[in-house]
Asker: 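If you scroll down you'll find the structure; I have some questions about it.
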Amino acid sequence: MLEIVFTDGRIGSKAVKIIGVSENAKIVSKALNDDEAALVKKAVAQSGFKGKNGTFVEVFGTGGKIIVAGLGDKPDAVSLQKLGGSLAKKLFKDAVACYYVEEIKGCKLSLAEIAHNIAFGLTIGSYRFDKYFTKKKQEEYPSLEQVIFKVKNPEAVNESYRRFAALGNAVRYARDLCNEPANYLTPEVFADDIQRLSYLGLDIEILDKKALQEKEFGMLLSAAQGSCNDPRVQWRGKPDQEAFDCGLVGKGVTFDSGGISLKPGAGMGDMKRDMTGAAVVVSSLKALALQKAPVNVIGIVGLVENMPDAMATRPGDVVTSLSGQTVEILNTDAEGRLVLGDIMWYLQSNYNVHTLIDIATLTGATMRALGNQYAGIFCNNDKLCNELIKAGEASDEKLWRLPLGEGYNKMINSDIADMKNLGGVNAGGSTAACFLERFVLKGNAWAHLDIAGVDTEDKGTSLCPKGSTGFGVRVLNYYLNAKN
Ligand code: BES
Ligand code: MN
Ligand code: ZN
């Protein structure tokens, strides 16, 4: 993995020299000597480079390679992260580079913040999932090992970088989990993986199938019973603490075939990512632990595989949830809400949790409504909703509020049980959210993030290659850190 270093010392001559310039600004940098400055000026004039974010000019001076990096118009934290991501690609075949951190005119960020955001972008933008290639060509692997940031007070800058370093680590971890094929990442393997995080001081407990049966997680088990991969529930945090600032709940369907209500074949492979919510919860706790963030957070994830089998739940079956409420399962492909309802109930009834955020790749309907620009947020509390939306803007994992309400809630009343797991053809995101709301204890603040449209990157961006995005780790981390 790419190493990030902050220093005010001498920089070796092998390092590619990088300077940033805003859109249409003059290039003035103390990092360049007169010869270099002249060379750069000439190259910039010839290339038509205007400083647009993510564009570069390359010059070979006597001292080695120089890259002029466009910072764009009015650079801010997010645009600097994106620039970092573009730099990761630009430097793909170099070994060491040094970014000379200088003030940006009209930009409110401190020098440390400028360095932090670019470094964070480099860290997540250089992410690759390539473990299953056996014959990848040498040229296809990045050779970039280290990016140095030349700054004043490097110790202080390095210390405050911990927050971003941890977050970068957590985002990459979430992507690794989500990109993993479902034959490797079964509920059991996922649980083992999580257990290994106890080295960070996290308390981790895993309930296996037997424990889930004893405790009567009837709904969750109904979604798992068609699979030979047994379900797991796990949670973490510090259960001895008085009250938790927040409880996180994640959908961890390691593969969603739809069950007996089988999904169509096209694109079904993407359903290996139907555990993104769980990966985000686990990674969020990892980030907080690495950051030593002063917040008390507990998380729970429900890990199941939704498969068709002679033992599988049939459409029309009625099951009893952990809360005691009965559910008529009209579509076995609406399994996420079954998993979440039970674990939400478990968390609230066993721990001192009054603010609850669940995150899940829950509905195609929300994906259709918002595409990959926003995740949907459904929330019973305006303050919580606004804080999350704000964190979404700051972290560039944006949330758009969608409605709950009695009109939608009525749509999941069943003729023969307390509720059914299916609304009508319309407003699928809202009826799913109303289903979850029936498992929120009275008085608790709750937000539901439906990330079905944003969990996957189809084309690849500066900050994320094709595949899993790990959407949610950043917005939750910004939100939880802002609580103090
Ligand atoms: N995991 C899917 C939702 C999903 C769809 C995630 C597309 C990512 C991309 C979920 O379990 C599901 O199948 N939902 C159904 C619910 C329906 C049967 C009520 C859906 O949205 O079609
Ligand atoms: Mn499904
Ligand atoms: Zn699903």
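Counting from 1, the numbers follow the sequence of the chain as shown. Whatever order the structure lists ligands and atoms in, that order sets their numbers, starting from 1.
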Asker: If you measure from the Lys or Arg side-chain nitrogens to the Asp or Glu carboxylate oxygens, is any gap between Lys398 and Asp396 under 4.0 Å?
Answerer: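 A salt bridge links Lys398 with Asp396.
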Asker: Does any N or O of ligand 1 fall below 3.5 Å from an N or O anywhere on Asp455, backbone included?
Answerer: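 No: no nitrogen or oxygen of Asp455 is under 3.5 Å from one in ligand 1.
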Asker: Which of the numbered atoms in ligand 1 are below 4.0 angstrom from a heavy atom of Glu335?
Answerer: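 Heavy-atom distances to Glu335 below 4.0 Å select 11 (O).
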Asker: Got the closest protein heavy atom to atom 9 (C) of ligand 1, with its distance?
Answerer: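 Minimum-distance protein heavy atom for atom 9 (C) of ligand 1 reads Met271 CE, 3.5 Å.
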Asker: Please tell me whether Tyr127 and Asp176 have a donor and an acceptor in their side chains that are separated by less than 3.5 angstrom.
Answerer: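 Tyr127 vs Asp176: donor-acceptor pair found between side chains.
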Asker: Side chain, backbone, both or neither: which part of Asp333 comes within less than 4.0 Å of ligand 1 when only heavy atoms are counted?
Answerer: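 It is both backbone and side chain that touch ligand 1.
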Asker: Report the part of Met367 in contact with ligand 1, treating N, CA, C, O as backbone and CB onward as side chain, heavy atoms under 4.0 Å; options are side chain, backbone, both, neither.
Answerer: side chain
Asker: Below 4.5 Å, heavy atoms only, C-beta onward: do Ile260 and Pro315 meet side chain to side chain?
Answerer: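 They are in side-chain contact.
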Asker: Between Ser395 and Glu397, does any side-chain donor sit less than 3.5 Å from a side-chain acceptor?
Answerer: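 There is no such pair between these side chains.
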Asker: Which class fits the ring pair His448 and Trp446: parallel under 30°, tilted 30 to 60°, perpendicular over 60°?
Answerer: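 His448 vs Trp446 ring planes: parallel.
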Asker: Hey, is ligand 1 close enough to Thr363 that some N/O pair sits below 3.5 Å?
Answerer: no
Asker: Parallel, tilted or perpendicular, judged at 30° and 60°: which one describes the rings of Tyr374 and Trp400?
Answerer: perpendicular
Asker: Classify the ring geometry of Tyr346 against Phe217: parallel below 30°, tilted from 30° to 60°, perpendicular beyond 60°.
Answerer: tilted
Asker: Identify, by atom number and element, the atoms of ligand 1 in contact range of Lys263, meaning under 4.0 Å from any of its heavy atoms.
Answerer: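 Heavy-atom distances to Lys263 below 4.0 Å select 2 (C), 12 (C), 13 (O).
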Asker: For atom 20 (C) of ligand 1, what's the nearest protein heavy-atom neighbour? Residue, atom name and distance, please.
Answerer: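 Going by distance alone, atom 20 (C) of ligand 1 is nearest to Gly364 N, 3.7 Å.
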Asker: Under a 3.5 Å cutoff, is there a donor and acceptor pairing between the side chains of Arg175 and Ser468?
Answerer: no
Asker: Between Ser257 and Asn306, do the side chains contain a donor N or O and an acceptor N or O under 3.5 Å apart?
Answerer: no
Asker: Give the atom numbers and elements of ligand 1 that come within less than 4.0 Å of a heavy atom of Leu422.
Answerer: 19 (C)
Asker: At a cut-off of 2.8 Å, what protein N/O/S atoms sit near the Mn ion (ligand 2)?
Answerer: Asp256 OD2, Asp333 O, Asp333 OD1, Glu335 OE1
Asker: Is the shortest distance from a Lys or Arg side-chain nitrogen in Asp208 or Arg232 to a carboxylate oxygen in the other one below 4.0 Å?
Answerer: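 Between Arg232 and Asp208 there is no salt bridge, as every charged N stays at least 4.0 Å from the carboxylate O atoms.
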Asker: I'd like to know if the side chain of Asn169 pairs up with that of Lys286 as donor and acceptor (distance under 3.5 Å, no hydrogens or angles considered).
Answerer: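 Lys286 and Asn169 do have a side-chain donor-acceptor pair below 3.5 Å.
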Asker: Side-chain donor-acceptor pair under 3.5 Å between Glu188 and Asn229, yes or no?
Answerer: no
Asker: Quick one: look up the protein heavy atom nearest atom 2 (C) of ligand 1 and list residue, atom name and how far away it is.
Answerer: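 That would be Asp256 OD2, 3.6 Å.
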Asker: Suppose we call two aromatic rings close when their centres sit under 6.0 Å apart. Are Tyr184 and Tyr132 close by that rule?
Answerer: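 Aromatic pair counts; centres sit under 6.0 Å.
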Asker: Below 30° counts as parallel, above 60° as perpendicular, anything between as tilted: where do the rings of Tyr161 and His116 land?
Answerer: tilted
Asker: Out of Thr456, Asn331, Asn306, indicate the one that has the non-hydrogen atom closest to atom 18 (C) of ligand 1.
Answerer: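 Among Thr456, Asn331, Asn306, the closest heavy atom to atom 18 (C) of ligand 1 belongs to Asn331.
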Asker: Would you say Arg337 and ligand 1 have an N/O pair spaced under 3.5 Å apart?
Answerer: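 Checking ligand 1 against Arg337, no N or O pair falls under 3.5 Å apart.
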Asker: Near the Zn ion (ligand 3), which protein N/O/S atoms are found at less than 2.8 Å?
Answerer: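 Under 2.8 Å from the Zn ion (ligand 3) - ignoring waters, which are not counted - the protein N, O or S atoms are Lys251 NZ, Asp256 OD2, Asp274 OD2, Glu335 OE2.
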Asker: Does a donor on one side chain sit under 3.5 Å from an acceptor on the other, for Gln291 and Asn477?
Answerer: yes
Asker: Check ligand 1 against Lys251 and write out every atom of the ligand that is under 4.0 Å from a heavy-atom position of the residue.
Answerer: 1 (N), 10 (C), 11 (O)
Asker: Under the criterion salt bridge (charged side-chain N to carboxylate O under 4.0 Å, His left out), I'd like the reasoning laid out for Lys82 against Asp76: C-alpha separation, chi angles, the key distance, then a yes or no.
Answerer: CA-CA 10 Å; Lys82 289 181 178 163; Asp76 59 17; over 6 Å; no
Asker: Tell me whether Arg163 forms a cation-pi arrangement with Tyr478, defined as NZ or CZ under 6.0 Å from the six-membered ring centre and within 45 degrees of its axis.
Answerer: yes
Asker: Please indicate whether any nitrogen or oxygen in Asn421 is less than 3.5 Å from any nitrogen or oxygen in ligand 1.
Answerer: no
Asker: If you have a sec, work out which protein heavy atom is nearest atom 10 (C) of ligand 1 and how many Å separate them, to one decimal?
Answerer: Leu362 O, 3.3 Å
